[in-house]
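In what follows, every chain begins at residue 1, and chains take the letters A, B, ... in the order their sequences are listed.
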Protein chains: 2
Amino acid sequence: MSGGARDDSLRSMTAPTRSQLLAEAEYLIRRSGYSAFSYAHLTDKIGITKASIHYHFPTKQRLAEEVVEVAMARFAAALADIEAGPGDAPARLRQYAELFLDGFDEQLRPLCCALSAELAALPDSLHTRTRAYFELHLAWLGRIVGAGCAAGQLRWAGGADALAALILSTLEGGSLVARAMQSRALALDGFAQVLALALPPAGADA
Amino acid sequence: MSGGARDDSLRSMTAPTRSQLLAEAEYLIRRSGYSAFSYAHLTDKIGITKASIHYHFPTKQRLAEEVVEVAMARFAAALADIEAGPGDAPARLRQYAELFLDGFDEQLRPLCCALSAELAALPDSLHTRTRAYFELHLAWLGRIVGAGCAAGQLRWAGGADALAALILSTLEGGSLVARAMQSRALALDGFAQVLALALPPAGADA
DNA sequence: GCAAACCTACCAACTAGTAGATAATATTCC
DNA sequence: GGAATATTATCTACTAGTTGGTAGGTTTGC
């Protein structure tokens, strides 16, 4: 765990080849982007030849599509867990923010962030999926914030959807700024400020 | 000018080759990223051969370095103009936000955003410059916000630097989210909300 | 004459992707 | 049960095109 060895949480050593490929591709895309990663990089990590990767994923585009689909499903499940779990809306948003920053220490961008930044270099099928990924974020945030407002745990002048969009933008931007500035604190700082503003004054009810 | 022709504000037709190359390279990097752009793409647009581009810029890395330097200088000058011009701090921040979104309609990311998203794929010399670019943003914002607070035009619980970082994150993230969602309004929405919160209550003094 | 700016023609390395062979493992038919 | 047949997952060897970059010659304007 210590030392320079990187965390392999995304890349199980025992998973079948296909899953390993998806995990490693996601890692590379989130680190360097779609354009910068290649099948050759995958062979280095997985230990099978390029031709064998093409057996599992006929094209790079198809591989990337599946990376997004798998990541989205995993993310949706994590959001559902948060929503089903204990805690009020502010607590759920804090969990969301932590989830959002997952991989930051491995220099990983959120997948949607990495893809959106080079959208013009991506095939159309990935535009659609990138957008869908963002919509998943916004829909969930809108729901949580909306419930929080209704329950008096949050208050926001512009309405739930406006706060949802602000939270997403803040985290998305924070992860970019913080990466370049090499400061994890910076990544959550904006979110924390916004959340603090959205909390009702201490002891307002109860 | 009408129809699908794209705006050539960044890419003067009459400028000397070198400037044209820098402008077109910036355009390509901001649209698709460093990894996805190549000298071949430049030859298409500029009309000289790949070898001739190497005459002006010996390596792709060097070209990109200069792109960032030129863009940063241009940006710094624009910020200085805003600072020297009329208007209070909120007005200056609105001008900054507009400047930040410059090129959005051409599907251009802010340069620092494009670079930070694929930092792991960039040579070290561009890490430094990306960071410096962000620092320029933060320093200017910190100064403007600080002056605005001192003058009673802005108020922010966390202090000027915190608001500066929040504004930057919000715009940076907004430009990513808005691009994927194809909504210019979304790009400025978060910023507008934050600025509204930072304005002192109407008629507080005067 | 000279230097800046450009060219043709190349290079080695890398890109995504294909063809076809080969093991090992299932599945089916008798 | 055992032979015949698919299927799965991998390999070697290849293609055509692109990448960043170089060597060396030519044009152009002072």
Side-chain angles (χ1 to χ4, degrees), chain A residues 11-29 31-68 70 114-115 118 120-127 129, chain B residues 11-29 31-68 70 114-115 118 120-127 129:
Chain A
R11 296 179 305 288
S12 159
M13 291 317 197
T14 57
T17 309
R18 200 187 149 77
S19 314
Q20 272 184 273
L21 285 169
L22 283 169
E24 192 64 35
E26 179 182 343
Y27 178 87
L28 290 171
I29 292 174
R31 241 184 108 104
S32 314
Y34 176 82
S35 306
F37 107 92
S38 80
Y39 275 31
H41 294 131
L42 291 175
T43 71
D44 295 346
K45 301 286 175 189
I46 312 290
I48 62 174
T49 61
K50 205 156 50 86
S52 302
I53 306 178
H54 277 285
Y55 167 78
H56 293 282
F57 303 97
T59 66
K60 182 182 178 182
Q61 175 178 348
R62 188 67 206 117
L63 168 55
E65 285 166 20
E66 221 159 311
V67 163
V68 181
V70 167
L115 292 175
E118 55 173 344
L122 303 181
D124 273 347
S125 62
L126 289 176
H127 292 208
R129 284 167 175 79
Chain B
R11 298 179 306 287
S12 159
M13 290 315 197
T14 56
T17 309
R18 200 186 150 78
S19 314
Q20 272 183 271
L21 285 169
L22 284 168
E24 191 65 35
E26 180 182 343
Y27 177 87
L28 289 171
I29 292 174
R31 243 183 106 105
S32 315
Y34 176 81
S35 305
F37 107 92
S38 79
Y39 275 31
H41 295 131
L42 290 175
T43 69
D44 295 346
K45 300 286 175 188
I46 312 290
I48 63 174
T49 63
K50 207 155 50 89
S52 302
I53 305 179
H54 277 286
Y55 167 77
H56 293 282
F57 302 97
T59 67
K60 181 183 178 182
Q61 175 177 349
R62 188 66 207 117
L63 168 55
E65 285 166 20
E66 219 158 312
V67 163
V68 180
V70 167
L115 292 175
E118 56 172 345
L122 303 181
D124 273 348
S125 62
L126 289 176
H127 292 207
R129 284 167 174 80

### Query
Are any of A:His56's side-chain N or O atoms less than 4.0 Å away from OP1 or OP2 of D:dT10?
yes

### Query
Do any side-chain nitrogens or oxygens of B:Tyr55 fall under 4.0 Å of OP1 or OP2 in C:dA5?
yes

### Query
To the nearest angstrom, how far is A:Ile46 atom CD1 from D:dC11 atom P?
12 Å

### Task
Ignoring hydrogens and angles, tell me if any N or O in the side chain of A:Tyr39 forms a donor-acceptor pair with the backbone of A:Ala51 under 3.5 Å.
no

Protein-nucleotides 20-25 of chain D N/O pairs closer than 3.5 Å?
from: D:dG20; atom 1: OP1; to: B:Phe37; atom 2: O; distance (Å): 3.3
from: D:dG20; atom 1: OP1; to: B:Lys60; atom 2: NZ; distance (Å): 3.1
from: D:dG20; atom 1: OP2; to: B:Tyr39; atom 2: N; distance (Å): 3.2
from: D:dG20; atom 1: N7; to: B:Lys50; atom 2: NZ; distance (Å): 3.1
from: D:dG20; atom 1: O6; to: B:Lys50; atom 2: NZ; distance (Å): 3.1
from: D:dG21; atom 1: OP2; to: B:Lys60; atom 2: N; distance (Å): 2.6
from: D:dG21; atom 1: N7; to: B:Lys50; atom 2: NZ; distance (Å): 3.4
from: D:dG21; atom 1: N7; to: B:His54; atom 2: NE2; distance (Å): 3.3
from: D:dG21; atom 1: O6; to: B:Lys50; atom 2: NZ; distance (Å): 2.7

#### Entry: Pair B:Leu28-B:Arg31, side chain to side chain contact (heavy atoms under 4.5 Å, CB included): steps then yes or no
CA-CA 5 Å; B:Leu28 289 171; B:Arg31 243 183 106 105; 5.7 Å; no

### Query
Quick check: does any side chain N or O of B:Lys45 sit under 3.5 Å from a backbone N or O of B:Gln20, one acting as donor and the other as acceptor?
no

### Query
Side-chain N or O of B:Thr17 less than 4.0 angstrom from OP1 or OP2 on C:dC6?
yes

### Message
Tell me whether the side-chain N/O atoms of B:Thr49 come closer than 4.0 Å to OP1 or OP2 in C:dC7.
### Response
yes

### Query
B:Ala36 and B:His41: which non-hydrogen atoms are nearest, and at how many Å?
O-CE1, 3.3 Å

### Query
Taking all non-hydrogen atoms of both residues, which atom of B:Glu118 and which atom of B:Ser35 are closest, and how far apart?
OE1-OG, 3.0 Å

### Query
Expressed in angstrom and rounded to an integer, what is the separation of A:Leu42 atom CG from C:dT15 atom P?
11 Å

### Whole angstrom value for the distance that separates P of D:dT19 from CG of B:Leu63
14 Å

### Summary
Closest non-hydrogen atoms of A:Tyr34 and A:Ala64, given as atom of the first, atom of the second and distance, are CE1-CB, 3.4 Å

### Task
Answer yes or no: is there a donor N or O on one side and an acceptor on the other, between the side chain of B:His56 and the main chain of B:Ile53, under 3.5 Å?
no

### Query
Excluding sequence neighbours, so at least two apart, what forms side-chain contact (heavy atoms from CB on, under 4.5 Å) with A:Ala25?
A:Phe37, A:Leu42, A:Leu63, A:Val67

### Between C1' of D:dT12 and CD1 of A:Ile48, the distance in whole Å
14 Å

### Message
Which heavy atom of A:Thr43 sits nearest to which heavy atom of A:Lys50, and what is that distance?
### Response
CG2-N, 3.5 Å

Using a cutoff of under 3.5 Å, can you pull out all pairs of nitrogen or oxygen atoms linking the protein to nucleotides 28-30 of chain D, with atom names and distances?
none

